[in-house]
Amino acid sequence: MRIPILTTTPPRGVVLDPFAGSGTSLVFALKHGFRVIGIDAKKEYCDLMIDQIKKLVDEDEMDLE
């Protein structure tokens with residue numbers, strides 16, 4: 001996911017992942033300053049995706065303290 005995101009998305013651009021699953025690509029994109037939209041048909045994957053993003057936000061907040 002690294003190469004497609006970094007080579008096709010402008011700085012501060014939006015990464016759309018229509019099959020986001022656990023959110024790995026979204027977390028990578030967020031860490032590199034992109035905005036994200038993640039979609040998945042299964043609620044379980046959406047919940048997992050949200051959990052992954054929350055972990056990232058929590059880590060960022062701890063780094064600021």
Side-chain angles (χ1 to χ4, degrees):
M1 85 200 93
R2 178 182 158 288
I3 292 172
I5 290 174
L6 295 177
T7 59
T8 62
T9 311
R12 294 290 304 143
V14 177
V15 172
L16 169 64
D17 188 348
F19 305 99
S22 65
T24 303
S25 60
L26 304 179
V27 169
F28 175 85
L30 287 168
K31 284 182 176 181
H32 289 84
F34 299 103
R35 294 169 291 156
V36 298
I37 299 172
I39 302 168
D40 206 285
K42 291 191 174 195
K43 182 183 181 323
E44 296 82 16
Y45 284 123
C46 291
D47 292 339
L48 186 56
M49 183 188 331
I50 291 168
D51 290 342
Q52 294 292 0
I53 292 171
K54 282 182 181 177
K55 284 181 190 175
L56 178 64
V57 170
D58 290 345
E59 288 173 6
D60 285 348
E61 288 175 356
M62 290 184 74
D63 288 343
L64 295 175
E65 293 177 358

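Across all their heavy atoms, T7 and I3 have their closest contact at OG1-O, 2.6 Å. Counting all heavy atoms, side chain and backbone alike, D40 lies closest to G21 at OD2-N, 2.9 Å. When all heavy atoms are compared, the tightest approach of G38 to A20 is CA-CB, 3.9 Å. Heavy atoms only, all atoms of each residue included: I5 and S25 are closest at CD1-O, 3.8 Å.
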Going through the distances and angles, do D47 and K43 end up as a salt bridge (Lys or Arg N to Asp or Glu O under 4.0 Å)?
CA-CA 6 Å; D47 292 339; K43 182 183 181 323; 2.9 Å; yes

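Under the 4.5 Å side-chain contact rule for hydrophobic residues, M1 and L6 share a cluster. Taking hydrophobic clusters as Ile, Leu, Val, Met, Phe, Trp and Tyr residues chained together by side-chain heavy-atom distances below 4.5 Å, F28 shares a cluster with I53.
V27 is not listed as a side-chain neighbour of V36, based on a closest heavy-atom distance of 4.5 Å or more. Taking the side chain as every heavy atom from C-beta outward, M49 and L26 approach each other to under 4.5 Å.
Shown here is Y45, whose OH atom has no more than 12 heavy atoms of other residues, nucleotides or ligands within 6.0 Å.
Remark: the backbone N or O of R12 is paired with a side-chain donor or acceptor of R35 at under 3.5 angstrom.
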